[in-house]
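The structure under discussion appears below in the form of C-alpha cells.
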Amino acid sequence: MKTLDSELVRLVFQAVRNPEKWQQVLQHVIGVTPAKAAIITLRDRKTCQIVNDDALEREYHSPLIQGFPLEAVVYYLEELRTIDPWAAAQVSHHPHLPTIMSTICHPAEASDRLFFDWLEAGGLRDTVAFELDRFPGHWTAINLFLEHYDTDDSKTLLDYCNTHASVLREAWQSSQHVIRCRQAGQAALNSLSDSAVPTCIVTHSGDLYLSNDAFQDLQAQGVVRFSGPSRRVSLAHNVEITGSQAQLMPDMPRHEATDSTVAVQASPFEIDPLYKEKKERYWLLRFQLGNGRYRETTSYALGLLTVQERQIFDAICAGDSVQAAGQKIGIQRSRAFDVWANVKSKLGISNAHELRGILAGSR
C-alpha cells in the first residue's frame with residue numbers, strides 16, 4: 001500500500017469542519033503533483049455547476065476553484081459550464097475511480113472546441129477526475145488539470161489520486177454533513193426570530209456557539225455581554241435561569257443591570273450525539289424579557305419535536321398519563337416513557353404537571 005500524504009490528510013481534516021479550508025487542500029494537491037489547476041464541481045445530467053455557486057455569482061471566485069486567473073473563471077462561468085464536454089462524458093462514464101478524461105473524451109475528437117480552446121489558452125489539456133459524492137441525479141466531482149496528455153505526468157497524478165481518493169471522498173462527504181447540520185441548527189434558531197424569541201446555544205464553558213437574530217438585540221439592551229475571543233457570555237444580574245436541569249449549567253459571569261427581570265429557559269443540548277452523555281453538554285438558552293417565567297417557550301419548542309413526540313405531547317396536555325398516551329398512539333409503555341423523556345428535555349420541563357401549569361399560565 002502506498003504511503004498517504006500526511007500533509008494532505010491534515011488539511012482535509014481541517015476542511016471537514018471549515019469549508020474554506022478546501023482552498024488549502026486544492027492548493028496543496030497542485031503544489032505536490034503535476035496538476036496545475038483544480039475545480040470541485042456539482043454535476044447533473046444537463047449542466048456543470050460550482051458547488052458554492054452563489055458565492056461565485058457574487059465574486060467570481062471560490063475556494064473550490066484554484067489555479068485559474070479571474071478572467072478565465074468569469075468566462076467559464078458565463079459561457080462554458082453548460083457545455084463542458086468532460087462533464088457530459090461523466091454522465092455515461094461515472095468516474096468513481098480516478099480517470100484520465102482524455103482516455104474517454106479526447107479533446108482532438110470534440111466537435112465543439114470552445115471549452116478545450118479555453119483550457120489550452122491557460123496551458124491545460126487534460127484532467128484527472130473522480131467522484132467525491134453521489135446522490136440521485138447529481139454528483140460532485142474533483143478535476144485536477146494537466147498541461148499535457150499522454151505523458152508521465154498523467155500517470156503520476158493518477159497514482160496520487162488513486163492513493164488518496166478515499167481520503168478526499170470521505171472528508172468531502174463528512175464536510176457536507178457538517179454543513180447541513182449547522183444549517184439545520186441555524187434554521188431552527190432563526191425560526192425563533194420570527195416569533196421574537198431570543199435564543200442561543202452556549203458551550204459547556206459558556207462560550208457563544210450559535211445564536212439567532214433576536215438574540216443579537218439583547219446585547220444592545222444590556223441583557224448579555226461577551227468577553228474574549230471565544231465570546232464568553234455574561235448575563236445580567238436580573239436574569240433568572242429556569243429549567244429542570246438548570247442547576248447543572250456551568251457558572252456564567254454576571255454584570256449589573258437595572259431593567260426588569262429577564263427569564264431564561266435552559267435546556268441541555270447534545271452537540272455531538274456520537275458522544276452522548278460522555279462529553280460535557282452544550283446548553284440551549286431561550287430568553288423572555290419582562291416579568292415572570294417564559295410562557296412562550298413551549299410554543300417555540302414544539303417545532304423541535306418529532307411527529308411521535310408531538311403526539312405524546314398533545315395527549316399528555318389533554319390529561320392522559322404517559323402510559324395512556326402511548327396506548328393512544330400505538331407504542332409500548334417503555335417506548336412511551338422514552339419519548340416523553342425526549343419531550344421534557346426539549347421543552348426544559350420536569351413533569352406533566354409543570355407543562356400543564358405553563359400552558360394554563362399562558363392562556
Does a side-chain heavy-atom distance below 4.5 Å link [X] with [Y]?
X	Y	result
Glu240	Gln265	no
Leu132	Gln173	no
Pro268	Tyr282	no
Val32	Glu7	no
Pro253	Arg232	yes
Leu144	Cys161	yes
Leu4	Val167	yes
Tyr75	Phe68	no

For the hydrophobic clusters of this structure (ILVMFWY residues joined by side-chain heavy atoms under 4.5 Å, transitively), does one cluster hold both [X] and [Y]?
X	Y	answer
Trp340	Leu305	yes
Tyr160	Ile30	no
Leu97	Trp139	no

Next item on the list: Kindly determine whether Phe115 and Trp118 satisfy ring pair (Phe, Tyr, Trp, His ring centres under 6.0 Å), including the steps that lead there.
Entry: CA-CA 5 Å; Phe115 174 77; Trp118 168 75; 5.7 Å; yes
With rounding to the nearest 0.5 angstrom, report the [atom1] to [atom2] distance, [X] to [Y].
X	Y	atom1	atom2	answer
Gln327	Ser321	CD	OG	7.5 Å
Gln323	Arg333	CD	CZ	5.0 Å
Arg125	Tyr149	CZ	OH	7.5 Å
Asn143	Thr127	CG	OG1	4.0 Å
Asn212	Arg286	CG	CZ	11.5 Å
Asp159	Thr33	CG	OG1	11.5 Å

Search all heavy atoms of [X] against all heavy atoms of [Y] and return the closest pair with its distance.
X	Y	answer
Ala129	Pro95	O-CB, 3.7 Å
Leu146	Ala35	CD2-N, 4.2 Å
Leu114	Asp112	N-OD1, 3.1 Å
Ile100	Ser154	CD1-CB, 3.9 Å
Ala89	Cys105	CB-CB, 3.9 Å
Arg254	Val239	NH1-O, 2.9 Å

Next item on the list: Identify whether NZ of Lys or CZ of Arg in Arg231 sits under 6.0 Å from the centre of the six-membered ring of Phe226 and within 45° of that ring's axis.
Entry: yes
Using atom types as modelled and distance alone, determine if a side-chain donor or acceptor of [X] lies under 3.5 Å from a backbone N or O of [Y].
X	Y	result
Thr99	Met101	no
Thr242	Val264	yes
Ser175	Trp172	yes
Asn162	Leu158	yes
Arg10	Asp5	no
His28	Gln24	no
His255	Gly222	yes

Next item on the list: Would you check, one step at a time, whether the test side-chain contact (heavy atoms from CB on, under 4.5 Å) holds for Ile201 with Trp283?
Entry: CA-CA 5 Å; Ile201 297 173; Trp283 290 84; over 6 Å; no
Notebook entry, point to check: Are Glu256 and Arg225 close enough for a salt bridge, meaning some N to O gap below 4.0 Å?
Noted result: no
Notebook entry, point to check: Within a radius of less than 6.0 Å around CG of Asp152, do more than 12 heavy atoms belonging to other residues, nucleotides or ligands occur?
Noted result: no
Note to self: Counting only heavy atoms not in His106 (residues, nucleotides, ligands), do more than 12 fall under 6.0 Å from its NE2?
What the structure shows: yes
Margin query: I'd like to know if the side chain of Arg335 pairs up with that of Gln308 as donor and acceptor (distance under 3.5 Å, no hydrogens or angles considered).
Written below: yes
Check: Just by distance, with hydrogens left out, do Asp133 and Thr140 show a side-chain donor and acceptor under 3.5 Å apart?
Finding: no
Item checked: Steps toward side-chain contact (heavy atoms from CB on, under 4.5 Å) verdict (Leu11, Gln14) -> CA-CA 5 Å; Leu11 290 171; Gln14 293 181 353; 4.0 Å; yes
Next item on the list: Could you go through the side-chain contact (heavy atoms from CB on, under 4.5 Å) check for Val224 and Phe287 one step at a time?
Entry: CA-CA 11 Å; Val224 299; Phe287 292 74; 4.1 Å; yes
Notebook entry, point to check: What's the verdict on ring pair (Phe, Tyr, Trp, His ring centres under 6.0 Å) for Trp86 and Phe116, showing C-alpha distance, side-chain angles and the deciding distance?
Noted result: CA-CA 10 Å; Trp86 282 334; Phe116 294 116; 5.1 Å; yes
Next item on the list: Start with the C-alpha distance between Phe215 and Leu210, add both sets of side-chain angles, then the distance that settles side-chain contact (heavy atoms from CB on, under 4.5 Å), and finish with yes or no.
Entry: CA-CA 10 Å; Phe215 176 80; Leu210 280 176; over 6 Å; no
Notebook entry, point to check: Residues two or more places apart in sequence or in another chain: which of them pass salt bridge (Lys or Arg N to Asp or Glu O under 4.0 Å) with Asp338?
Noted result: none
Notebook entry, point to check: salt bridge (Lys or Arg N to Asp or Glu O under 4.0 Å) between Lys344 and Glu309: does it pass, once the steps are laid out?
Noted result: CA-CA 10 Å; Lys344 290 190 294 182; Glu309 290 166 355; over 6 Å; no
